[in-house]
Amino acid sequence: MEKQLSYLLQSVEVSRRVGAMDPMVSRIEFDSRRAAAGVLFVATRGTHTDGHLYIDKAIDAGVVAVVCEQLPQSLRESVVYVQVENSSKALGELASAFYDHPSAQLKLVGVTGTNGKTTIATLLYRLTMQLGYKAGLFSTVANYIVDERMDATHTTPDAVNLNRMMAEMVAAGCDYCFMEVSSHAVDQHRIAGLKFEGAIFTNLTRDHLDYHLTFDAYLKAKKAFFDGLSAEAFAIVNADDKNGLVMLQNTKARKYTYSMRSMADFRGRVVEAMFEGMQLEMDGKELWTSFVGHFNVQNLLAVYGAAVLMGHERDEVLTALSALQPVDGRFETIRSVFGVTAVVDYAHTPDALKNVIETINAIREGAQQLITVVGAGGDRDNGKRPVMAAEAVKGSTRVILTSDNPRSEEPDEIIRQMMEGVAFADRIKVVAITNRREAIRTACMMAQKGDVVLIAGKGHETYQEVKGVRHHFDDREVVREVFNEQAKMN
Ligand SMILES: CC(=O)N[C@H]1[C@@H](OP(=O)(O)OP(=O)(O)OC[C@H]2O[C@@H](n3ccc(=O)[nH]c3=O)[C@H](O)[C@@H]2O)O[C@H](CO)[C@@H](O)[C@@H]1O[C@H](C)C(=O)N[C@@H](C)C(=O)N[C@H](CCC(=O)O)C(=O)O
Ligand SMILES: Nc1ncnc2c1ncn2[C@@H]1O[C@H](COP(=O)(O)OP(=O)(O)OP(=O)(O)O)[C@@H](O)[C@H]1O
Ligand SMILES: N[C@H](CCC[C@H](N)C(=O)O)C(=O)O
Ligand SMILES: [Mg+2]
């Protein structure tokens, strides 16, 4: 597949062009290490370095054209230079044009917010497939083209990979595509040039302040997604979150809300809750679902609302919702033969942790203990560490602080920072066990019949990242291992 440079540039606002040739472009790359003959190199500014520094290296590797924000001081004759105001944005637009605007050939729905994105996007994908359509998915856990699964490296891939995979979805006959839209992706224009049919907002609470620096900047990144929607798109937001309506302030899209508390276009409430699931009332009808927790009612309302707005029949959607199963690593329960329930959950923000703990406390019986095992990621927002520990202590009988992808940091230092959030009087409830396997083992050993062990933060992850190396690690495997040993010892 090749495209003429002039064709690609029709989708971009060009400030200046140097070089009269109109070469054929075989690929678009934004990393000079992948540059080669026939490539169009887009120089983008990053968080560690600046792609503009590698323009000459890319040319040495044979690229035919360079898109950049600033022209190099000395220009070479073998290439065409294209100057644009924002090259990250241009990258999205060029990638979209290169793959023949696949997002316009799909009904594309994006989900943003601090928590719930993976859950909602995955459930929409599964529900749509269940209704008989072909669909694609971009999520933190995995990407899908119809039934074909691919590991995901990011919550939202870069613009080139996004458009490449969307083109594959089109070729595979997909009508729909569901994707998570992370705040990083909006900020870095990974979604520039995409045509969205709909957008969903879940909630906004503390996370990623290492990157965005202030909560306001984080909010603005999420809102920019809604500001960029077209008038034909729908925007559906959680009215129970205080920033839900803020997302709708400047959007041209058709506006809808969902809520468990107030008047909204899509409403729902819990009739009965237990570990196995919830009986819900949605849109005036009752249904059984295999999900637990108030936050999942909000997630299911978002799924229901979006499905209805995409034109599916309400009753059919409710029937399909009832058949859906929880997403990998989200409130996954494992029972021991001694009546201990382990819950493995991806709660890695203070708000998610609070919600999961409240959910467990609402359904466990009073006399039983909740033992929480939790850590906080290295090289990520360190301000959330003490708050996560405080949330864990508030709702649990005992807490074991441990490691969760320390990355380049010292695990004990992360735990020390978490411990700072624990009031002196509560320290008696808390122990630190740096080795996550030992932490989980200890929690399972401490638990008695009827107790709940919450293992938070890693959910579906199958690795522990230490000093740049990913070691195989799976919370669920460790729990099963310990429970099996206990069963054998008996
Ligand atoms: C902080 C961040 O988001 N970084 C992303 C960003 O890279 P960067 O800004 O660090 O890039 P850089 O290293 O400064 O390089 C700048 C430019 O120079 C180019 N370069 C660099 C070196 C060279 O020799 N030649 C060259 O051309 C690079 O290709 C790049 O275009 O752009 C890259 C390409 O799109 C991403 O892979 C990378 O994600 C990193 C790996 C990452 O960890 N991102 C996380 C934080 C992230 O994106 N998370 C979100 C949300 C997670 C969630 O809550 O679910 C996600 O969507 O996954
Ligand atoms: N609507 C919600 N509100 C608050 N917490 C939620 C909600 N949905 C899920 N959670 C909690 O957040 C965790 C992560 O959920 P999910 O993976 O769906 O979120 P995400 O937005 O995709 O996260 P990430 O930013 O890491 O991709 C869950 O394991 C659960 O504890
Ligand atoms: N996508 C999020 C997930 C964090 C999950 C947690 N296990 C961690 O590694 O911090 C991030 O990269 O910040
Ligand atoms: Mg996600």
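Atoms within each ligand, like the ligands themselves, are counted from 1 in listed order.
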Kindly confirm or rule out an N or O of R45 lying under 3.5 angstrom from an N or O of ligand 1. no
Of all the atoms in ligand 3, which lie at a distance below 4.0 Å from a heavy atom belonging to E461? 5 (C), 6 (C), 7 (N)
Using the rule given for side chain to side chain donor-acceptor pair (under 3.5 Å), can you reason through E409 versus N382, listing the C-alpha separation, both sets of side-chain angles and the distance that settles it, and then say yes or no? CA-CA 11 Å; E409 292 192 59; N382 57 15; 5.9 Å; no
I need the minimum non-hydrogen distance between I433 and T402, along with the two atoms involved. O-OG1, 2.7 Å
Decide whether the shortest distance between a heavy atom of E180 and an atom of ligand 1 is less than 4.0 Å. no
Could you check whether any heavy atom of H208 sits closer than 4.0 Å to an atom of ligand 1, since that is the contact criterion I want to use? yes
Specify the protein heavy atom at minimum distance from atom 3 (C) of ligand 3: its residue, its atom name, and the distance to 0.1 Å. Y346 OH, 3.1 Å
State yes or no: are the ring centers of F201 and F225 separated by less than 6.0 Å? no
Could you tell me if the ring centre of H52 sits under 6.0 Å from that of Y54? no
Under 2.8 Å from the Mg ion (ligand 4), is there an N/O/S atom belonging to T155? no
With a sphere of 6.0 Å drawn around CD of E477, does it hold more than 12 non-hydrogen atoms of other residues, nucleotides or ligands? yes
Tell me the closest heavy-atom pair linking C68 and I55, and the distance in Å. CB-CD1, 4.0 Å
Option of least heavy-atom distance to atom 12 (O) of ligand 3 (set: E465, R380, K384, K458): R380
Expected output: side-chain S32 to main-chain A58 donor-acceptor under 3.5 Å: no
Checking a contact table here: which protein heavy atom is nearest atom 4 (N) of ligand 1, and how many Å away? Q188 NE2, 4.0 Å
H208 heavy atoms, cut-off 4.0 Å: which ligand 3 atoms fall inside? 13 (O)
Would one find an N or O of H154, backbone or side chain, under 3.5 Å from an N or O of ligand 1? yes
Within 4.0 Å of some non-hydrogen atom of R190, the atoms of ligand 1 are 3 (O), 48 (O), 56 (C), 57 (O)
So, 2.8 Å as the limit: is an N/O/S atom of T140 located closer than that to the Mg ion (ligand 4)? yes
Note: V181 and K117 closest approach over all heavy atoms is O-CD, 3.9 Å
Using a distance threshold of 4.0 Å (strictly less than), state whether atom 24 (O) of ligand 1 has a protein heavy-atom neighbour. yes
Atom 21 (C) of ligand 1: which protein heavy atom is closest, and how many Å away? R33 NH2, 3.5 Å
Atom 19 (C) of ligand 1: the protein heavy-atom neighbour that sits closest, reported with distance to 0.1 Å: F30 O, 3.7 Å
If the cut-off is 4.0 Å to any non-hydrogen atom of G51, which atoms of ligand 1 fall inside it? 17 (C), 18 (O)
Within 4.0 Å of some non-hydrogen atom of N405, the atoms of ligand 3 are 7 (N), 8 (C), 9 (O)
Using 30° and 60° as the class boundaries, would you call the ring planes of H208 and Y218 parallel, tilted or perpendicular? perpendicular
Counting non-hydrogen protein atoms only, what is the nearest one to atom 43 (O) of ligand 1? Give residue, atom name and distance. R380 NH2, 4.3 Å
Residue selection (non-hydrogen contact nearest atom 13 (O) of ligand 1) among H48, K117, R34: H48
Looking only at N, O or S atoms, which one in E180 sits nearest to the Mg ion (ligand 4)? OE1
Heavy atoms only, cut-off 4.0 Å: how does S182 contact ligand 1, side chain, backbone, both, or neither? side chain
Aromatic rings Y211 and H184: how do their planes relate, parallel, tilted or perpendicular, breaks at 30° and 60°? tilted
Parallel, tilted or perpendicular, as decided by the 30° and 60° cut-offs, for the rings of F178 and Y176: parallel
Donor-acceptor contact below 3.5 Å, side chain K458 vs main chain Y463: yes
Could you tabulate the donor-acceptor pairs under 3.5 Å formed by side-chain atoms of residues 411-422, not counting sequence neighbours?
unit_1, atom_1, unit_2, atom_2, d
D412, OD1, T434, OG1, 2.7
E413, OE1, R416, NE, 2.9
E413, OE2, R416, NH2, 2.9
E413, OE2, Q417, NE2, 3.0
R416, NH1, E420, OE2, 2.8
Q417, OE1, R385, NH1, 2.9

Between D50 and L53 (side chain of the first, backbone of the second, donor and acceptor by atom type, cut-off under 3.5 Å), is there such a pair? no
At less than 4.0 angstrom from any non-hydrogen atom of G377, what atoms of ligand 3 do you find? 10 (O)
Contact summary for V297 and G268, nearest pair of heavy atoms: CG1-C, 4.5 Å
Applying side chain to side chain donor-acceptor pair (under 3.5 Å), run through H471 and E465 and close with a yes or a no. CA-CA 6 Å; H471 305 272; E465 188 176 327; over 6 Å; no
Could you tell me, atom by atom, which parts of ligand 3 come under 4.0 Å of a heavy atom of G457? 5 (C), 6 (C), 7 (N)
Is there a donor-acceptor contact under 3.5 Å from the side chain of R190 to the main chain of S182? no
How far is atom 46 (C) of ligand 1 from its nearest protein heavy atom, and which residue and atom name does that atom have? H184 NE2, 3.6 Å
Considering non-hydrogen atoms of the protein only, which is the closest contact for atom 1 (C) of ligand 1, and what is the distance? T47 OG1, 3.7 Å
For ligand 3, note which part of H460 has a heavy atom under 4.0 Å away: side chain, backbone, both or neither. neither
Among all protein non-hydrogen atoms, which one is nearest to atom 30 (C) of ligand 1, and what is the separation to 0.1 Å? T44 OG1, 3.9 Å
Would one find an N or O of T156, backbone or side chain, under 3.5 Å from an N or O of ligand 1? yes
Numbering the atoms of ligand 1 from 1, which are under 4.0 Å from a heavy atom of D158? 35 (O)
Taking all non-hydrogen atoms of both residues into account, name the closest pair between V80 and P23 and its distance. CG2-CD, 3.9 Å
Less than 3.5 Å between some nitrogen or oxygen of K57 and one of ligand 1, yes or no? no
Can you name the atoms of ligand 1, numbered from 1 with element, that are less than 4.0 Å from a heavy atom of S32? 23 (C), 24 (O), 25 (N), 26 (C), 27 (O)
Whether T118 side chain and S139 backbone form a donor-acceptor pair below 3.5 Å: no
What is the closest protein heavy atom to atom 16 (C) of ligand 1, and at what distance does it sit? T49 O, 3.3 Å
With respect to T140, determine whether any N or O atom, backbone or side chain, lies less than 3.5 Å from an N or O atom of ligand 3. no
Quick check: does Y211 get an N/O under 3.5 Å from an N/O on ligand 1? no
Does a sphere of radius 6.0 Å around CD in E2 hold more than 12 heavy atoms from other residues, nucleotides or ligands, not counting ones at 6.0 Å or beyond? yes
Contact between ligand 3 and D404 is defined here as a heavy atom of the residue under 4.0 Å from a ligand atom; is it met? yes
Within a distance of under 4.0 Å, is there any protein heavy atom near atom 33 (C) of ligand 1? no
